[in-house]
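Note that the structure is a prediction, hence the values are computed from the model and not measured.
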Amino acid sequence: MHCITSGIHMLDNMQKSVKEWNISFAGCGFLMAYYCGVYCCLFERAQFLLKGAKKICGASSGALMGAILCQMSPAKCCENLLEMSREARKGALGAANPSFNLLKIVRNFLNRDLPDDAHLLASGRLFVSLTRVSDGTNVLLSEFDSKEDLIQALICSCFYPLYCGVIPPSYHGIRYVDGALSDNMPFSSLRNTITISPFSGESDISPYGNPFYFHDIYYNNVSIHINFINAHRVVIAFFPPEPEVLAEMCQNGYKDAFLFLKQNELLKPSSPLSELTLIDEWENIPTSKKCISENNLSVTGNSKNILPDSIKKVFYTASLRENEERVNLVSCLMWFILPVEVTNIMLLRLFECTPEMWSFLLWMWQMTLRIIGQTLKKAFSISYLCMQKYPSLHPLHSTSNPTH
């Protein structure tokens with residue numbers, strides 16, 4: 001675990017030592033379960049960090065997490081995430097099944113659970129990372145005209161090409177894709193930014209994990225150790241596991257956030273929860289060999305469960321529902337009905353995107369003409385410079401002497 005370098009000290013000296021601080025979440029797909037645990041810990045033990053943050057930044061699922069901080073309860077966040085992961089595992093191909101429409105599910109959740117004034121609460125404080133399709137440039141959005149305007153910005157930031165579809169969504173007439181492709185952790189270079197990532201690395205709140213030969217990589221400003229655990233986490237980001245594994249990830253997020261608060265002396269001395277002790281060595285490899293009970297969520301190792309009852313109840317309910325669906329005989333026929341399902345879903349997708357298709361084709365035509373125009377302009381410019389510098393190469397120029 002890494003301590004923040006901004007000089008944050010005791011809670012009583014917080015306002016004196018640091019006037020402003022930011023929170024930045026890395027994009028991580030279904031590893032967002034880790035963020036649910038971090039959010040739960042900060043919500044219970046250090047709400048001043050959430051309420052007093054000058055900027056809350058993120059890309060993709062990190063932007064979603066930033067948008068719902070203090071606007072949705074931690075239990076509701078877990079409930080929505082588990083519902084999305086359940087939908088992703090429904091088909092025979094999992095999240096790759098054509099029937100799974102991630103962005104549609106995300107939009108429905110945001111429309112239902114975000115308050116009507118969410119755009120007012122987010123404007124000037126939430127920074128959503130987007131990648132502009134036309135030139136690959138990163139764009140940070142922080143002003144939103146309406147709740148729908150905010151949701152559309154989040155949808156653009158979550159659109160991972162091919163995984164979420166073929167036609168990129170647009171925001172104010174400009175097409176964008178996943179912000180993680182250009183800047184996966186906005187403002188991470190600032191010393192007063194608390195960086196949070198579900199990949200083991202050099203972020204302030206992140207899982208513990210040694211890199212092989214002490215090597216790590218930076219994926220668009222996110223430090224990621226090179227090891228097998230992180231490789232496994234990349235797979236989970238796109239293909240969610242069972243609720244038991246997500247429950248462990250959530251608890252690890254809670255534990256890592258607690259250790260961050262403890263190491264930086266940001267826990268309230270008067271809080272009865274501050275007496276909680278944690279061991280340093282916790283198993284970080286996700287595994288499905290867990291057991292969830294209604295009163296106690298247990299994970300492998302000797303770690304003490306620290307998730308609140310409301311969170312444990314959400315995972316317990318999701319686990320029961322998952323077990324009931326596993327014994328459904330219809331699931332045994334999934335591979336037989338898969339061709340029919342794929343054909344049906346593809347036709348429905350084509351019908352749904354027909355109005356959008358014409359604007360997309362027009363945009364592609366305009367982009368093609370722009371590229372051709374820029375290429376021809378550059379070619380003519382080079383040709384003109386060559387004629388100025390080497391006039392003998394001009395086809396109308398003749399150096400031969402006339403014969404008499």
Side-chain angles (χ1 to χ4, degrees), residues 22-36 38-39 50 53 55-74 76-81 83-85 87-88 95 100-133 138-161 163-165 167-187 196 198 220 237-238 240 356:
N22 311 316
I23 300 178
S24 187
F25 294 92
C28 60
F30 286 100
L31 292 173
M32 189 178 174
Y34 183 88
Y35 290 160
C36 292
V38 173
Y39 177 29
L50 300 176
K55 298 182 181 71
I56 298 179
C57 329
S60 191
S61 56
L64 290 179
M65 196 70 236
I68 62 182
L69 285 180
C70 301
Q71 299 193 44
M72 190 184 301
S73 68
K76 193 63 177 179
C77 293
C78 291
E79 183 179 335
N80 289 343
L81 178 64
E83 179 65 21
M84 284 189 289
S85 64
E87 290 292 329
F100 178 61
N101 192 334
L102 177 61
L103 296 186
K104 183 177 181 179
I105 299 174
V106 171
R107 185 185 293 276
N108 290 339
F109 284 150
L110 294 176
N111 275 319
R112 184 189 66 188
D113 296 328
L114 283 183
D116 293 336
D117 62 343
H119 61 291
L120 299 177
L121 300 174
S123 291
R125 188 166 184 253
L126 174 66
F127 288 77
V128 180
S129 177
L130 306 174
T131 302
R132 192 162 54 209
V133 175
N138 181 260
V139 176
L140 288 178
L141 300 179
S142 61
E143 298 295 333
F144 311 98
D145 299 330
S146 62
K147 177 181 175 179
E148 178 57 33
D149 194 55
L150 169 62
I151 293 176
Q152 185 62 23
L154 295 172
I155 293 298
C156 290
S157 182
C158 292
F159 184 88
Y160 200 90
Y163 181 80
C164 294
I167 304 176
S170 61
Y171 180 81
H172 292 186
I174 302 176
R175 297 192 180 275
Y176 297 95
V177 293
D178 199 322
L181 298 175
S182 55
D183 189 354
N184 200 18
M185 188 175 281
F187 300 109
I196 307 175
N220 295 327
F238 293 96
E356 186 79 6

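- For the pair Arg107 and Glu148, the minimum side-chain heavy-atom distance is below 4.5 Å.
- In this structure a side-chain-to-backbone donor-acceptor pair under 3.5 Å is present from Arg125 to Ala53.
- The distance from atom SG of Cys36 to atom CE of Met32, rounded to the nearest 0.5 Å, is 5.5 Å.
- Between Asn138 and Ser182, the closest heavy-atom pair is ND2-OG, 2.8 Å.
- For Asn184 (side chain) and Ala26 (main-chain N/O), no donor-acceptor pair under 3.5 Å exists by modelled atom type.
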Checking side chain to side chain contact (heavy atoms under 4.5 Å, CB included) for the pair Tyr171/Ile155: CA distance, chi angles, key distance, verdict? CA-CA 9 Å; Tyr171 180 81; Ile155 293 298; over 6 Å; no
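- Taking the side chain as every heavy atom from C-beta outward, Leu50 and Ile23 approach each other to under 4.5 Å.
- Between Cys158 and Leu102 the shortest side-chain heavy-atom distance does not fall below 4.5 Å.
- Side-chain atoms of Pro198 and Tyr35, non-hydrogen and from C-beta on, do get closer than 4.5 Å to each other.
- Judged purely by atom type and a 3.5 angstrom limit, Ser129 uses its side chain to pair as donor or acceptor with the backbone of Asp183.
- The shortest distance between side-chain heavy atoms of Leu110 and Leu150 does not fall below 4.5 Å.
- Residues Ser123 and Glu143 share a closest heavy-atom pair of CB-OE1, 3.6 Å.
- Checking side-chain atoms of Asn220 against main-chain N and O of Leu181 turns up a donor-acceptor pair under 3.5 Å.
- Within the 4.5 Å cutoff, the side chain of Val133 has no heavy atoms near those of the Phe159 side chain.
- For the atom pair CZ of Phe109 and CD of Glu83, the computed distance is 5.0 Å after rounding to the nearest 0.5 Å.
- Within the model, atoms NZ of Lys76 and CZ of Arg112 stand 4.5 Å from one another, a figure rounded to the nearest 0.5 Å.
- Sorted by first and then second residue, the side chain to side chain donor-acceptor pair (under 3.5 Å) pairs involving residues 55-69 (not counting sequence neighbours) are Ser60-Asp178.
- One distance of note links CG of Leu130 with CD1 of Ile174; it measures 10.0 Å at 0.5 Å rounding.
- Considering only heavy atoms from C-beta on, Tyr34 stays 4.5 Å or farther from Cys28 through its side chain.
- Each side chain to side chain donor-acceptor pair (under 3.5 Å) pair with one or both residues in residues 113-122, not counting sequence neighbours, appears once here: Asn80-Asp113.
- The SG atom of Cys164 sits 14.5 Å away from the NZ atom of Lys104 when rounded to the nearest 0.5 Å.
- Of all non-hydrogen atoms in Ile105 and Glu87, the two that sit nearest each other are CD1-CB, 3.8 Å.
- Note: Leu103 CG to Tyr163 OH = 9.5 Å, rounded to the nearest 0.5 Å.
- Here the closest non-hydrogen pair linking Phe144 and Asp149 is CA-OD2, 3.4 Å.
- Shortest non-hydrogen contact noted between Ile196 and Met185 is O-CE, 3.5 Å.
- Counting heavy atoms from C-beta outward, Asp145 and His172 have side chains that approach closer than 4.5 Å.
- Looking at every heavy atom in both residues, Phe30 comes nearest to Ala88 through CZ-CB, 4.1 Å.
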Phe187 vs Leu140, side chain to side chain contact (heavy atoms under 4.5 Å, CB included): CA-CA, chis, key distance, verdict: CA-CA 10 Å; Phe187 300 109; Leu140 288 178; 3.9 Å; yes
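- Around the CZ atom of Phe127, the shell of radius 6.0 Å holds more than 12 heavy atoms that belong to other residues, nucleotides or ligands.
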